[in-house]
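Let me begin by presenting the structure, written as structure tokens, before commenting on it.
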There are 2 protein chains.
Amino acid sequence: MIQSPFNCHFELTLELIGGKWKGLILWHLHDKKVLRNGEMLRLMPRITQKMLTQQLREMEENGLIKRVVYEQVPPKVEYSLTPHGEAIRPILEMMIDWGVEYARDKNIPVACTKK
Amino acid sequence: MIQSPFNCHFELTLELIGGKWKGLILWHLHDKKVLRNGEMLRLMPRITQKMLTQQLREMEENGLIKRVVYEQVPPKVEYSLTPHGEAIRPILEMMIDWGVEYARDKNIPVACTKK
DNA sequence: ATTTATAGTTACCTTTTAGTATGTACAGTA
DNA sequence: TACTGTACATACTAAAAGGTAACTATAAAT
């Protein structure tokens with residue numbers, strides 16, 4: 001939960017999207033609109049179940065994503081973006097663009113090549 | 001130094017500007033163009049000398065800021081942005097804007113009010 | 001009765017990040 | 001000779017983040 005006294009709004013935003021996997025998760029959600037737990041695991045082979053759940057829970061608590069549980073077995077849970085989550089898209093895009101430029105200039109390898 | 005295998009360019013960018021104080025430092029450098037150590041301490045009353053030095057060193061190593069030492073006593077050191085550092089500005093602006101919106105919606109207090 | 005599929009949880013450990021408190025260097029000035 | 005101003009460095013501690021491995025729940029199908 002958000003409570004600490006932030007020094008500036010940048011710090012607040014950073015707290016909300018600063019997790020190791022949050023950017024990538026949001027990015028896939030922007031792309032696919034709706035994703036299930038297993039689908040995300042397949043899209044991000046290096047994330048673990050625990051980290052995925054953790055990052056999703058935090059973003060849900062912070063109102064960036066929505067979690068819908070279908071009462072059935074085996075379980076089915078769908079994740080999607082809230083309006084706040086959707087509003088983050090341009091930030092992600094700029095961060096990616098800047099990162100692409102920087103990585104090119106400094107010759108830094110990055111796993112994902114899409115976009 | 002940057003070396004880990006990043007999953008995506010967002011992760012790379014995050015690593016470079018993700019420090020607790022980096023956004024604020026970059027913001028002040030955007031604003032003032034050139035700043036000395038002591039000036040930054042005064043601009044950010046809650047940062048400690050150690051954290052300031054640490055964040056500045058990392059950003060210098062990563063090529064986001066430039067550090068110029070004047071050989072005199074007492075010492076004088078000036079910090080300013082590199083082109084890569086300047087290119088980050090729109091990201092900061094968007095993160096701040098988004099944070100302002102979010103903080104308003106969720107009623108979250110933020111120390112700095114400027115901008 | 002066992003297996004399958006899905007979406008988790010839990011305990012534990014390691015690494016990273018942030019923060020506190022104190023010490024250093026050194027020319028110029030009183 | 002002690003004091004001042006500036007920009008650090010260092011040792012230590014505390015807290016947060018990330019990661020591994022193993023366990024849980026449950027209806028349906030075999």
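In what follows, chains carry the letters A, B, and so on, assigned in the order in which the sequence lines appear, proteins first and then strands, with residues in each chain numbered from 1. The figures that follow rest on heavy atoms only: side chains count, while hydrogens, waters and symmetry mates do not.
- No salt bridge links A:Arg57 with A:Glu61; every basic N to acidic carboxylate O contact stays at or beyond 4.0 Å.
- Between B:Ile25 and B:Met59, some side-chain heavy-atom pair lies under the 4.5 Å cut-off.
- Between B:Leu52 and B:Thr48, the closest side-chain pair of non-hydrogen atoms is not below 4.5 Å.
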Between protein and nucleotides 10-18 of chain C, what N or O pairs are separated by less than 3.5 Å?
{"unit_1": "C:dA18", "atom_1": "OP1", "unit_2": "B:Lys20", "atom_2": "N", "d": "2.9"}

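- Residue pairs meeting the side-chain hydrogen bond (donor to acceptor under 3.5 Å, both in side chains) criterion with at least one partner in residues 32-43 of chain B, sequence neighbours excluded, are B:Asn37-B:Gln49.
- Axis angle across the helix from C:dA1-D:dT30 to C:dA30-D:dT1, with five pairs used at each end and values rounded to 10°: 30°.
- OP1 or OP2 of C:dT9 has at least one side-chain nitrogen or oxygen of A:Arg57 nearer than 4.0 Å.
- Only B:Arg36, B:Asn37, B:Gly38, listed by number, bring a heavy atom of residues 29-41 of chain B to less than 4.0 angstrom from any atom of DNA chain D.
- A donor-acceptor distance shorter than 3.5 angstrom exists from the side chain of A:Thr13 to the backbone of B:Met95, with no hydrogens or angles considered.
- Sequence order on DNA chain D of the closest nucleotides to A:Arg46 and B:Lys76 puts B:Lys76 first from the 5' end.
- The main-chain N or O of A:His84 is found under 3.5 Å from a side-chain atom of B:Trp98 such that the two form a donor-acceptor pair.
- In terms of modelled atom types and a separation under 3.5 Å, the side chain of A:Tyr102 and the main chain of B:Asn62 share a donor-acceptor contact.
- A cation-pi contact, defined as under 6.0 Å to the ring centre and within 45° of the axis, is absent between A:Arg46 and A:Trp21.
- Residues A:Thr53 and A:Pro74 both approach DNA chain C. Their nearest nucleotides, taken by heavy-atom distance, put A:Pro74 toward the 5′ side.
- For A:Lys22 and A:Glu58, the salt-bridge test passes: some basic side-chain N is under 4.0 Å from an acidic carboxylate O.
- The footprint of chain A on DNA chain D, defined by a heavy-atom cutoff below 4.0 Å, extends from D:dG18 to D:dA27.
- Contact annotation for A:Tyr70: no contact, since no heavy-atom pair falls under 4.0 Å across all strands.
- Atom NZ of B:Lys66 has 12 or fewer neighbouring heavy atoms from other residues, nucleotides or ligands inside a 6.0 Å radius.
- Side-chain N or O atoms of B:Ser80 include none that pairs as donor or acceptor with a backbone N or O of B:Val34 at under 3.5 Å.
- Ring planes of B:Trp27 and B:His30: perpendicular class, angle over 60° (limits at 30 and 60°).
- With sequence neighbours left out, B:Glu86 forms a salt bridge (Lys or Arg N to Asp or Glu O under 4.0 Å) with no residue at all.
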